[in-house]
Amino acid sequence: MGRKFPHIQPMRSVEDIIALLGGPDRAATRLGIGTEALRKWRQARAIPAKHWPTVLAETGLALDDLPRAPKPRTETTVTDSAIPDGATALLVLADGTVLWGRGFGAHGTTVAEICFNTGMTGYQEVLTDPSYAGQTICFTFPHIGNVGANPEDIEATTPAARGLIVKQDVTEPSNFRATRHLDDWLKSHGVPGIGGVDTRALTARIRDGGAPNGVLSFPADGAFDIPALLAQARSWPGLEGMDLAKEVTTRQSYQWDETTWTLGAGYGKQASPKFKVVAVDYGAKRNILRCLAAAGCAVTVVPATASAEDILRHEPDGVFLSNGPGDPAATGTYAVAAIQGVLAKQVPVFGICLGHQLLALALGAKTYKLDRGHRGANQPVKDLRTGKVEITSQNHGFAVDEKTLPDGVEVTHISLFDGSNEGIASTRLPAFSVQYHPEASPGPTDSHYLFKRFTDLIETRKPA
């Protein structure tokens, strides 16, 4: 319990509370958050509900003293059935907000968590990333679709995202690698989109209030039953507690030898591997498998539900835990025992994204859902071992709770946005993981060293 302030008048601003806690640095320390989180509090002029108990404990204030986020403005009420001129699609959020726009892609209605992605390029990779299962993506970059679509820039055979929200209408592609229009590509995969939406306002809403559930509807007949769509948005259970890895994982084991892409040559092939690696597919991106192959690995991919015995019968030199969607605690009900079985045999383990969270659970830590998640290609992460800052690509809505890490597990990387955990390593077992995506190359290749770190770890464990 923190120090009490019985004679302080009720506080009505974030600035007052930060001052009461001793200024930004002291407040961040006392509350166990990053100074970037405090900046967001100031910007929103409100304190997120999940921090209320700590703030109250540290200040002695009453709940009514804390500043709250204003109620979101509703663009259209659910009782207003008038369709704006030119509108052919809408987005209905669970709080009753209705956003009208112009539909593209496939006709249909889909319910999902609404998240935002800040990447300026790579929308096709984003849409096919299995980690986006159960989500509709609001792209903050306005010009989505300008480079068209092609068969190489995909992370899975079919898109995992349930829909997309953009500012500008999709135009004709202008790129020498394009083989089809994005609209045509979306139609072929049954993915609806909505354009003409104020994506900056929607992103600010998500930033300040968290990722809402919502329904994107682009009906072929142009008929909208808004109350029914609102009821659908409100009844959807959300991602917390949801195991989506089983929906996106491979159904059977297979071999992978394709390496990374180069201009003019396309993808290569690993013909002389040095290491045998089993990759557990919780929703693996293809480029992660390519990076493993390029690092000298013969990769065997197994389903998410593979047991320790299933994994170890391949006699791997190392085991990779892939990215994936959903709540790690839900996937962990079957994955944790398998990972612990591998760790017990002292086989080197490397995890990315969901694989990072599952490794943490297997080592005894806990995870939690972030208010808004990290999604984009411009996320700064600090490597605590070297002091270097990497610009990373990220896509996750859950995080490892550092306070629950047991003895023998150290923090290796942290987010410079909000101070959340971005990497761990065991000091007793040959295992490490990162929350971000080192294979994604958001411009630079800052994080590719992690694949070599994995093969170096394997090399030190292999018998002479």
Trp261 and Tyr267 aromatic ring geometry - parallel, tilted or perpendicular at 30°/60° bounds: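 Tyr267 vs Trp261 ring planes: perpendicular.
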Taking atom [atom1] of [X] as the centre, does the number of heavy atoms from other residues, nucleotides or ligands within less than 6.0 Å exceed 12?
X      : atom1 : answer
Lys187 : NZ    : yes
Met120 : CE    : no
Arg200 : CZ    : no

Partner residues of Gln168 under the side chain to side chain contact (heavy atoms under 4.5 Å, CB included) criterion, sequence neighbours left out: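 Once residues adjacent in sequence are excluded, the partners of Gln168 under the side chain to side chain contact (heavy atoms under 4.5 Å, CB included) criterion are Pro142, His143.
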Identified side chain to side chain donor-acceptor pair (under 3.5 Å) partner of Asn146 from the options Asn175, Thr171, Thr121: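 Output: one option passes, namely Thr171.
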His396 and its side chain to side chain donor-acceptor pair (under 3.5 Å) partner, picked from Gln357, His356, His374, Arg375: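 So the option named by the test is His374.
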Can you confirm whether [X] sits close enough to [Y] that some side-chain heavy atom of one is under 4.5 Å from a side-chain heavy atom of the other?
X      : Y      : result
Gln379 : Ser393 : no
Leu363 : Leu343 : yes
Pro212 : Ile206 : yes

Taking atom types as modelled, is there a side-chain donor on [X] or [Y] under 3.5 Å from an acceptor on the other?
X      : Y      : answer
Glu402 : Asn421 : yes
Gln394 : Thr392 : yes
Ser131 : Asn323 : yes

Listed partners of Arg180 passing salt bridge (charged side-chain N to carboxylate O under 4.0 Å, His left out), at least two apart: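 Partners of Arg180 by the salt bridge (charged side-chain N to carboxylate O under 4.0 Å, His left out) criterion, ordered by chain and then number, come out as Asp184.
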Lys/Arg-Asp/Glu bridge criterion (N-O < 4.0 Å) met for Arg286, Glu258: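 Judged by the 4.0 Å cut-off on N to carboxylate O distance, Arg286 and Glu258 do not form a salt bridge.
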Electrostatic pair Asp383:Arg385 at N-O distance under 4.0 angstrom: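 Looking at Arg385 together with Asp383, the answer is no, because their closest N to O distance does not fall below 4.0 Å.
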Rounded distance (nearest 0.5 Å) linking atom OG1 of Thr300 with atom CG of Asp257: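 So the OG1 of Thr300 and the CG of Asp257 are separated by 10.5 Å.
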